[in-house]
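Everything numeric in this text was worked out from a predicted model, so none of it was measured. Just so you know, these numbers use all the heavy atoms, side chains as well, and skip hydrogens, waters and symmetry mates. Chain letters run A, B, ... following the sequence lines, proteins first, then strands; residues in each count from 1.
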Protein chains: 2
Amino acid sequence: MSELAKKKSLTAKDWQEAALNVIAHQGVGAVAVEPLARALGVTKGSFYWHFSNRMDLVKQALKRWRENDNQLIEQNILPIKNPKKRLLAWFKLSAEPIQSHLIYSTLLADRSHAMISKILKEITLERLAHLQKSYKEMGYDNARAKSQSLLAYSVYVGFLHMAKTLYGALPGSTEAEDYAQFVAKQLIPS
Amino acid sequence: MSELAKKKSLTAKDWQEAALNVIAHQGVGAVAVEPLARALGVTKGSFYWHFSNRMDLVKQALKRWRENDNQLIEQNILPIKNPKKRLLAWFKLSAEPIQSHLIYSTLLADRSHAMISKILKEITLERLAHLQKSYKEMGYDNARAKSQSLLAYSVYVGFLHMAKTLYGALPGSTEAEDYAQFVAKQLIPS
DNA sequence: TATTGTCAATACGCTAGCGTATGGATAAGA
DNA sequence: TCTTATCCATACGCTAGCGTATTGACAATA
């Protein structure tokens, strides 16, 4: 028995995840109520029961995405004590072809809404802080750690785009691992 | 007497440049015929005299952008004989806050149309080839030059996004120059 | 002056998508 | 069984934008 057949009715979560799927591949601008309803096999009567409007869905979906993403980092990266190893793990994780990164790489240039820009800025600042902390723990002074983390994060951002632009998709785990190793060698002093 | 007052009627070029302005700040999806016509002080009767449809305008505008951009590179970067200096010049140029880079940084994540993806891929491959050539001239073997140029170009792409995301605009020439110096030190072996 | 070409205004029809209003179905409790 | 809450369908009005068709204004030119 399939998951779909089991379900009698939809939940807000179902809508959110459908929206995230669209965002990952076509961007926030492509999230439209009626097409989504069609894809889910219902009409928008259902949608407006769960959400007050289109933007409400987008907000909730992105909130869900951020929570998942933060969890990933908090569980897999932040606990690593050795800063060098922590950085390496971060590069490796960022190369993984998971939906979360797909969404991020789509959002990166989406300036269609002030809300999106705000979210992007917040996320970026958070992660820059993490990187900076790692570099400082490695003995860098403030200014150097800042420049270095900016560079490192640029590489991350650039990598997401390059992969999608060149291959139409994020790379497989194997190539990603190789690239992460190479980048780490460049950006983490030995 | 203003430029505008001098003009009796619009040319295709006027429409293209107006479109590029929109693309730079809101993306291709925001290029709409009627709003553009309003902004130019005419009606769409004019538009459909110059272009066959909306996509026709987008294509022509992007073509104009690419030509300008290529010219910039061909005149300022490629003539530099010393590969190390050429790379440094490239980093400096890429940090300049000009419209061309604004457009690129907007296009980077715009997957709304297959045509856009195609253009992005072509540009990326072209420039990767330039970088790769420089690194090879510096004595790198094929594989190493490839990885290194991928990294360098990722930094470029990432830089554009970071600047826009964090500060809402590309940085001024002075900060850009500083950052370019720092990046060059990291990515160009001495 | 008459003609032709260039650029723009006006007025259509058409579609997709937003949001609302209202009623129907179904399941859980009382 | 009757009621209530939950979820969805239907039908509506509304708007923005695309593209077409037709006519008008004006300048250059013959």
Side-chain angles (χ1 to χ4, degrees), chain A residues 1-23 25-62 64 106 110-116, chain B residues 1-23 25-62 64 106 110-116:
Chain A
M1 199 184 208
S2 81
E3 279 301 311
L4 275 173
K6 254 191 258 176
K7 306 204 64 165
K8 290 181 267 278
S9 59
L10 298 176
T11 67
K13 189 183 167 190
D14 295 320
W15 285 95
Q16 288 160 17
E17 284 173 357
L20 286 178
N21 240 319
V22 173
I23 292 175
H25 295 94
Q26 277 117 338
V28 173
V31 176
V33 177
E34 282 155 318
L36 258 187
R38 260 172 261 146
L40 289 173
V42 295
T43 66
K44 59 180 175 172
S46 168
F47 176 87
Y48 285 100
W49 193 91
H50 291 287
F51 305 92
S52 58
N53 53 36
R54 180 185 170 277
M55 251 336 192
D56 186 27
L57 168 65
V58 173
K59 272 188 193 168
Q60 290 191 32
L62 290 181
R64 166 177 294 273
T106 303
D110 195 322
R111 318 288 169 182
S112 61
H113 203 281
M115 186 197 74
I116 313 288
Chain B
M1 198 183 211
S2 79
E3 279 300 312
L4 276 172
K6 253 189 260 175
K7 306 205 65 167
K8 290 181 266 279
S9 59
L10 298 176
T11 67
K13 189 182 166 189
D14 295 320
W15 285 94
Q16 287 160 17
E17 284 173 356
L20 285 179
N21 240 318
V22 173
I23 292 176
H25 295 94
Q26 277 116 334
V28 174
V31 176
V33 177
E34 282 155 319
L36 258 187
R38 259 172 262 147
L40 288 173
V42 295
T43 66
K44 60 182 174 171
S46 167
F47 177 87
Y48 285 100
W49 194 90
H50 293 285
F51 304 93
S52 57
N53 53 37
R54 179 185 170 277
M55 250 336 191
D56 186 28
L57 167 64
V58 173
K59 272 187 193 169
Q60 290 191 32
L62 290 181
R64 165 177 293 272
T106 304
D110 195 323
R111 318 287 169 182
S112 61
H113 203 281
M115 186 196 74
I116 312 291

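- Taking each heavy atom of A:A37 and A:T43 in turn, the nearest pair found is CB-C, 3.7 Å.
- A heavy atom closer than 4.0 Å to some atom of DNA chain D occurs in B:Y48, B:N53, these being the qualifying members of residues 46-53 of chain B.
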Validation: residues 48-55 of chain B side-chain donor-acceptor distances under 3.5 Å, sequence neighbours left out:
from, atom 1, to, atom 2, distance (Å)
B:H50, NE2, B:L10, O, 3.3
B:S52, OG, B:D56, OD2, 3.4
B:N53, OD1, B:M55, N, 3.3
B:N53, OD1, B:D56, N, 2.9
B:R54, NE, B:V31, O, 2.7
B:R54, NH2, B:V28, O, 3.1
B:R54, NH2, B:V31, O, 3.2

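- Residues of residues 37-45 of chain A having a heavy atom closer than 4.0 Å to DNA chain C, listed by number: A:R38, A:K44.
- For the side chain to side chain contact (heavy atoms under 4.5 Å, CB included) test, residues two or more places apart in sequence or in another chain that qualify with B:A18 are B:L36, B:L40.
- Considering CG of A:D14 and CD of A:E17, their distance stands at 6.5 Å, rounded to 0.5 Å.
- Taking B:K59 as the reference, B:M115 meet the side chain to side chain contact (heavy atoms under 4.5 Å, CB included) condition, with sequence neighbours excluded.
- Legend: residues meeting side chain to side chain contact (heavy atoms under 4.5 Å, CB included) with A:A39, ordered by chain and number and at least two apart, are absent.
- Interatomic distance, CD of A:Q16 versus CG of A:L62, reported as 10.0 Å (0.5 Å rounding).
- Protein chain A contacts DNA chain C over a range whose 5' and 3' limits, counting nucleotides with an atom under 4.0 angstrom from a non-hydrogen atom, are C:dG17 to C:dT20.
- Here A:S112 pairs with A:D110 under the side chain to side chain donor-acceptor pair (under 3.5 Å) rule; sequence neighbours left out.
- Taking 4.5 Å as the limit, every side-chain heavy atom of B:F47 sits out of range of all side-chain heavy atoms of B:V42.
- Residue pairs meeting the salt bridge (Lys or Arg N to Asp or Glu O under 4.0 Å) criterion with at least one member in residues 32-48 of chain B, sequence neighbours excluded: B:E34-B:K44.
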